[in-house]
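Taking it in order: structure first as structure tokens, then the write-up.
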Amino acid sequence: MQEATPETAAARLADVNAQIAAATKVARRSPDDIRLVAVSKTRSAEDIEPLILAGQLWFGENRVQEAAAKWPALKGRHPQIELHLIGQLQSNKADEAVALFDAIHSLDRPSLAKALAKAMRDQGRTVPCFIQVNIGAEEQKGGCAIAELPALLELAAQEGIPVAGLMCLPPADIEPAPFFALLAELAARHGLTSLSMGMSGDFSTAIMLGATHARIGTALFGARD
Ligand SMILES: *Cc1c(COP(=O)(O)O)cnc(C)c1O
């Protein structure tokens, strides 16, 4: 970015929303079709609250434990907030995740699908899920292999999990556009309408290629320690 980063949370939010609007204009999409998920991992409640007061509705956390420590109090004060889990999830934390989050972006394997389905049945609570796809076939990354996506979608349907769409984290340090385009194609092939893709460095590209949920941390809160 050429311009100086704005000082306040409200100004950074306005800046990001303006960039989202600009990308949707190029893509001939409506800004209303994009959910800005503010990634608040590592940030304190004191850092988060100004963004809520500036009108931000959707927040993302990558760890169940951290979210459980911060968010019940914040949500108590701001019940309109939607909290999204964007990080990898262990099956033994499925119960806690279903109780705490309003959407889960990291469903990536059959064992987790079964654990989430059971937690949703037990709690009588429905939490929309995204299937995370390992779009760059990277060994160290979470996400289901592209070849395993049809079977995982079928299992999720059998288990009664509402699948909203697909999520990806493209490989670092190379042009992400082909990976975003591939995720969009996979979603279209399976009739899925939501795409969780794009972070601070690449959300405009992701939006031009169909993102409906952009997960943005640094551009809203500044660099993480
Ligand atoms: C941290 C994180 C983000 C946000 O990254 P920024 O570069 O800070 O915008 C998005 N998605 C996931 C899965 C993350 O863990």
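In this chain, residues are counted from 1 in sequence order. Ligands are counted one by one from 1 in listed order, and the atoms in each one are counted from 1 as well.
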To the nearest 0.5 Å, what is the distance between OG (Ser91) and NZ (Lys114)?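 Atom-to-atom, Ser91:OG and Lys114:NZ are 10.5 Å apart.
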
Flag, side chain of Glu159 to backbone of Ile161, donor-acceptor distance under 3.5 Å: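 No; judged by distance alone, with no hydrogens or angles, the pair does not exist.
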
Donor-acceptor pair, side chain of Arg35 and main chain of Ala214, under 3.5 angstrom: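 Not confirmed, Arg35 side chain does not pair with Ala214 backbone.
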
Can you find a heavy atom in the side chain of Met167 that is under 4.5 Å from one in the side chain of Leu107?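 Side-chain contact under 4.5 Å: no.
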
Ile34 vs Arg29 side-chain heavy atoms within contact, under 4.5 Å: yes

So what's ligand 1 close to, N/O to N/O, under 3.5 Å?
{"residue": "ligand 1", "atom": "8 (O)", "partner": "Thr218", "partner atom": "N", "Å": "2.8"}
{"residue": "ligand 1", "atom": "8 (O)", "partner": "Thr218", "partner atom": "OG1", "Å": "2.6"}
{"residue": "ligand 1", "atom": "8 (O)", "partner": "Arg224", "partner atom": "NH1", "Å": "2.8"}
{"residue": "ligand 1", "atom": "8 (O)", "partner": "Arg224", "partner atom": "NH2", "Å": "3.1"}
{"residue": "ligand 1", "atom": "9 (O)", "partner": "Ser200", "partner atom": "N", "Å": "3.0"}
{"residue": "ligand 1", "atom": "9 (O)", "partner": "Ser200", "partner atom": "OG", "Å": "2.5"}
{"residue": "ligand 1", "atom": "9 (O)", "partner": "Gly217", "partner atom": "N", "Å": "2.8"}
{"residue": "ligand 1", "atom": "11 (N)", "partner": "Arg215", "partner atom": "NE", "Å": "2.9"}
{"residue": "ligand 1", "atom": "15 (O)", "partner": "Lys41", "partner atom": "NZ", "Å": "2.7"}

List the steps and the verdict of ring-ring contact (aromatic ring centres under 6.0 Å, His included) for His213 and Phe130. CA-CA 11 Å; His213 293 64; Phe130 292 76; 5.0 Å; yes

